[in-house]
Amino acid sequence: MPITRINVGPVHPSTHGVIRLVVDLDGDTIENVEPHVGFLHRGVEKLVETRMYMQSTPYMEKLDYVAPMSYNDAYVAAVEAAMGIPVKERAQYIRVILLELQRIASHLLSIGTLCNDIGQMFTAFMWSFKDRDIVLDLLQEATGSRMFYVNMRLGGLHSDLPPDFEEHALNTLDYLEKRVPQYEHYIERNPIFTERMKGIGVVSKELAKNIGITGPALRASGVNYDVRKNSPYYVYDKFHFNPQVLYDGDNFSRYKVKILEIKESIRIARAALKSLPEGDALGMPVKLRSPNPKNRISIVSRELPRGECLMYLVADPQRPYRLSIRSPCFINLAAISHIAKGERFADLFGILGSLDIIMGCIDR
Amino acid sequence: MKVDRDALVATVSRMKSEGFDYLVKVTAVDYADHIDVLYILRNTDTSKDEILEVMLDPEDLRIHTIINIHKSADWYEREMSEMFGIGILGRNAPRLLLEKWDGVDPPLRKVFAWNAAYKTKEDK
């Protein structure tokens, strides 16, 4: 049968942003997928070379607009490592709490949009957006902003937690803990969902390492690697949690890992809230001049909701000489041609949804 | 770990057989007098990272691909090639990944004048 070429995007409801996929089909079977990216390329890596260290934090948040705080944290941590600034203990706990809340919000959005893509399960989409909003309320209470927080400062945070935050957060975590089983009950018993997710887009453990996928997608293929556990940062080593590893490597596993990670994040955030130490959490105020860096090269790795982000920072006085960002979505999308080969065309969007890509993060 | 350009493919291949089976990132840094190409490799069992540094002369920016050893090098190499003007040997020349770039200097090189007027190849 002759090969048919279908062009998907750049503006398509199932592509979660501006991305163009050129799909070669043999009948209904995918022969090759060629992603065309770069529609959101802003040259952030060049831009930070022209700005003072802390002037670049808002740019970092715009990379992943679904989990902005995580990216901001990774960048600020790289600058802290370069300057040799220790993070205050209370600030470390608060960062862990806020980052885990951010992870919950991000995974909820990912699950909701996946359900919407896969079979018009709009109920799950509305549920997850409602619950995500409650988490965002909490983040707003802590940082003063709903979407772009810019609350990380060198050595700490912009502001301490408000007085009754702990109580509100624990109530919200209790509520979410009751909600997650309802998601599982509703989504996983739906035959439309399971038929289109189980056994589709299978990535074996060896292939997963070879094509370099990261984060929940890597753990769904049976590779037990989570930066929070394997090279712990902040106070993650003080809490008991397990990286969630599944072994099927299909779409369903990639979805299920996110559900399990929400449960783990609830546990981590609750443990951190209960053991929150007293003290000062404020970081250095943003001034035009920052301290001169002590280390020329610093490498910082962080577990973002979508996978591992690695910041390679070559420091100059006052501004970065070079910042190289390892974006988790970039490499997850690069792997789609290996994953989707041999699948049906209709399943492409399930695979794309389960990989959970954000275009700002890919194009940078 | 500093690696000679000619020994790169053999080193990456040997390290893969020693357990460094995950490629974290391929990137480059322009130090004006030379360009460092960095390969960050990881052993996922022991969580140990190893960085291979290959020093390139700005007059001779060519390096061999490692796509046959790590498939994940594909987009990293393309991005690096586009942003630093480094030629990747041993693989077909694909289209540009992130930008349709018609400028004179590659964007992430230090010679790229970010605050000067935009010049295309025709202007030069």
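Numbered from 1 within each chain, the chains take letters A, B, ... in sequence-line order. Values in this document were obtained by computation on a predicted structure and should not be read as measured data.
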- Query: Do the ring planes of B:Trp75 and A:Phe330 sit parallel (below 30°), tilted (30 to 60°) or perpendicular (above 60°)?
  - Reply: perpendicular

- A:Ile325 and A:Met311, any side-chain heavy atoms less than 4.5 Å apart: yes

- Side chains of B:Tyr22 and A:Thr214 in contact at under 4.5 Å (non-hydrogen atoms): yes

Need one label for [X]: side chain, backbone, both or neither, based on atoms under 4.5 Å from any heavy atom in chain B.
X: A:Leu323; result: neither
X: A:His36; result: both
X: A:Leu207; result: side chain
X: A:Leu40; result: neither
X: A:Glu308; result: side chain
X: A:Tyr312; result: side chain
X: A:Leu310; result: side chain
X: A:Val314; result: side chain

Which bit of [X] is near chain A, if near means a heavy-atom gap under 4.5 Å: side chain, backbone, both or neither?
X: B:Asp21; value: both
X: B:Arg78; value: side chain
X: B:Ala28; value: backbone

Between the side chain of [X] and the main-chain N/O of [Y], is any donor-acceptor distance below 3.5 Å?
X: A:Ser298; Y: A:Ala78; result: yes
X: A:Tyr75; Y: A:Pro58; result: no
X: A:Arg306; Y: A:Ile357; result: no

State whether a side-chain donor-acceptor pair under 3.5 Å links [X] with [Y].
X: A:Asn292; Y: A:Gln318; answer: yes
X: A:Arg51; Y: A:Tyr59; answer: yes
X: B:Thr65; Y: B:Arg91; answer: no
X: B:Tyr76; Y: A:Arg326; answer: yes

If you tally heavy-atom pairs under 4.5 Å against chain A, which of [options] wins?
options: B:Asp49, B:Val24, B:Thr44, B:Asp30; answer: B:Val24
options: B:Leu38, B:Thr46, B:Ile40, B:Leu23; answer: B:Leu38
options: B:Met83, B:Glu79, B:Lys71; answer: B:Lys71

- residues 1-11 of chain B vs chain A, non-hydrogen distance cutoff under 4.5 Å, contacting residues -> none

- Message: Under 6.0 Å between ring centres: does that hold for A:Tyr236 and A:Tyr233?
- Response: yes

- Item | Atom pair CD/CG of A:Glu45 and B:Leu108 - distance to nearest 0.5 Å | 6.0 Å

- Query: Between A:Ala334, A:Ala208, A:Pro35, A:Ser301, which has the largest tally of heavy atom pairs under 4.5 Å with chain B?
  - Reply: A:Ala334

- Message: Could you check whether A:Arg219 makes a cation-pi contact with A:Tyr247, meaning its NZ or CZ is under 6.0 Å from the centre of the six-membered ring and within 45° of the ring axis?
- Response: no

